[in-house]
Amino acid sequence: MEKNQNQNGAEAPIKVSNLNCIDLSNPDIHQSVSLLKQACLDCGFFYVVNHGISQEFMDEVFAQSKKFFRLPVNEKMKVLRNEKHRGYTPVLDELLDPDNQVHGDYKEGYYIGVEVPEDDPEAEKPFYGPNVWPADGVLPGWRQTMEKFHHEALEVAKAVARVIALALDLEADFFDKPEMLGKPIATLRLLHYEGQISDPSKGIYGAGAHSDYGLITLLATDDVMGLQICKDKDAKPQMWEYVPPIKGAFIVNLGDMLERWSNCIFKSTLHRVLGNGQERYSIAYFVEPSHDCLVECLPTCKSEKNPPKFPPIRCGTYLSQRYKDTHADLSVYNKHQT
């Protein structure tokens, strides 16, 4: 097991986190709101179960993800990530923690966003546009599976957002407005960790320490442990806890945008992935409001004693900068394209 290094150089075993579990089929909404609020004030991570996506379909999505990542590299490079953040991201493409990482992340990924035809004026916006798909002859039915999952995961995210709204003393449908999750920037990302052994002392990570950029993230994982959270990023030394996978559950975490929106009442927490030598697959679903949504302090999260900590910002502007800060410049791959 990975160890935490303390200031004396001694090693303390890493803890396993005990997160709250929100059951979306629970008729007692007050209990769900209470559990979620407690989680959001504490660490911004919780499980969601009985979310409406069948285990059979989840298994199918994971099976199709594995089929893609097992393709030869030259086949995967045909669908390399484009300027719209769609398609394949090779190992080391992403650098999430430049202060501590020697290389980029030891993971490969595949981005699938909201499908917008190229001739639609909306396709001019960042993160909107047509997706990049492997040829149907290479992976038959792959696109249909991923599009169905993208659609179903958005419904789960909206259900979670309604509980979050209630926990913030807002109307339940606050995030359902057209400028918010009515026209969201919702991005599905398939992830594959190849079995590298992480070594924080040498700056080698499956995924470097980071907090997510947006509103909320849903994460489905296989049964290989790897995700860790750090509840207090300012602690010296930082203490990391494993988040165990639960079959059929999503691990949900809040993003920086929701922390900003809630005036830091709700937490967006540092997390990372450590490889233990086993292959690991996960599927992340990042949910943000529409491009034009103005993210400004929520009315229930400010007072005379607690004025807004951040100026208002447009969602699209904010996200574009965050992606630019953490991804390799596409020109590094030009040799593959010629």
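Only a predicted model underlies this, so the values are computations on that prediction, with no experimental measurement involved. Both backbone and side-chain heavy atoms feed into the values below; hydrogens, waters and symmetry mates do not.
Side-chain contact of K309 with N306: a donor-acceptor pair under 3.5 Å is present, judged by distance alone. Q31 and N26 form a side-chain donor-acceptor contact under 3.5 Å, judged by distance and modelled atom types alone. If you check the side chains of H192 and E279, you find a donor sitting under 3.5 Å from an acceptor.
Across all their heavy atoms, T217 and A284 have their closest contact at CG2-CB, 4.4 Å. When all heavy atoms are compared, the tightest approach of F127 to G316 is CE1-O, 4.4 Å. Nearest heavy atom pair, residue S290 against residue P178, reads CB-O, 4.4 Å. Pairing each heavy atom of N20 with each of A39, the nearest pair is ND2-N, 3.9 Å. Residues P289 and L215 share a closest heavy-atom pair of CD-CB, 4.3 Å. Nearest heavy-atom pair across A167 and L36 is CB-CD2, 3.7 Å.
A heavy-atom distance below 4.5 Å is found between the side chains of C40 and F46. Within the 4.5 Å cutoff, side-chain heavy atoms of D256 are placed close to those of Y318. In this structure, the side chains of I164 and L258 come closer than 4.5 Å at one or more pairs of heavy atoms. Residues R272 and I229 are not in side-chain contact: their nearest non-hydrogen atoms beyond the backbone lie 4.5 Å or more apart. Between R314 and L294 the shortest side-chain heavy-atom distance falls below 4.5 Å. Annotation: side chain of R81 is not in contact with side chain of Y88 (no heavy-atom distance under 4.5 Å).
Scored by the salt bridge (charged side-chain N to carboxylate O under 4.0 Å, His left out) test, D120 finds no partners at all (sequence neighbours excluded). Residues forming a side chain to side chain contact (heavy atoms under 4.5 Å, CB included) with A159 (at least two apart in sequence, or on another chain): L24, R162. Listed by chain and number, the residues in a salt bridge (charged side-chain N to carboxylate O under 4.0 Å, His left out) with D292 are K125 (sequence neighbours excluded).
Geometrically, R86 does not engage Y111 in a cation-pi contact, judged by NZ or CZ lying under 6.0 Å from the ring centre and within 45° of the ring axis. A cation-pi geometry, defined here as NZ or CZ lying under 6.0 Å from the six-membered ring centre and within 45° of its normal, holds between R280 and Y193.
Distance check: T269 OG1 to E241 CD gives 10.0 Å after rounding to the nearest 0.5 Å. Going from atom NZ of K76 over to atom CG of L80 covers 12.0 Å, rounded to the nearest 0.5 Å. To the nearest 0.5 angstrom, I53 atom CD1 is 9.5 Å from K148 atom NZ. In this structure, SG in C230 is found 5.0 Å from CH2 in W240, a value given to the nearest 0.5 Å. Atom NE2 of H30 sits about 13.0 Å away from atom CG of L35, to the nearest 0.5 Å. Distance CG/N276 to CD1/I197: 7.5 Å, rounded to 0.5 Å.
Taking a cutoff of 4.0 Å between a charged side-chain nitrogen and a carboxylate oxygen, D42 and K267 do not qualify as a salt bridge. Look at K183 and E179 and you find no salt bridge, because none of the NZ, NE, NH1 or NH2 atoms lies under 4.0 Å from a carboxylate O.
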Could you go step by step and tell me if L139 and L71 meet the side chain to side chain contact (heavy atoms under 4.5 Å, CB included) rule?
CA-CA 10 Å; L139 293 174; L71 291 173; 4.0 Å; yes

Evaluate the ring-ring contact (aromatic ring centres under 6.0 Å, His included) criterion for residues W133 and F68: first the C-alpha distance (whole Å), next the side-chain angles of each, then the deciding distance (0.1 Å), finally the verdict.
CA-CA 11 Å; W133 300 106; F68 172 78; over 10 Å; no

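In the hydrophobic cluster analysis, where Ile, Leu, Val, Met, Phe, Trp and Tyr join through side-chain heavy atoms closer than 4.5 angstrom, Y128 is grouped together with Y110.
Across P311, P308, P312, a single residue satisfies side-chain contact (heavy atoms from CB on, under 4.5 Å) together with R260, and that is P311.
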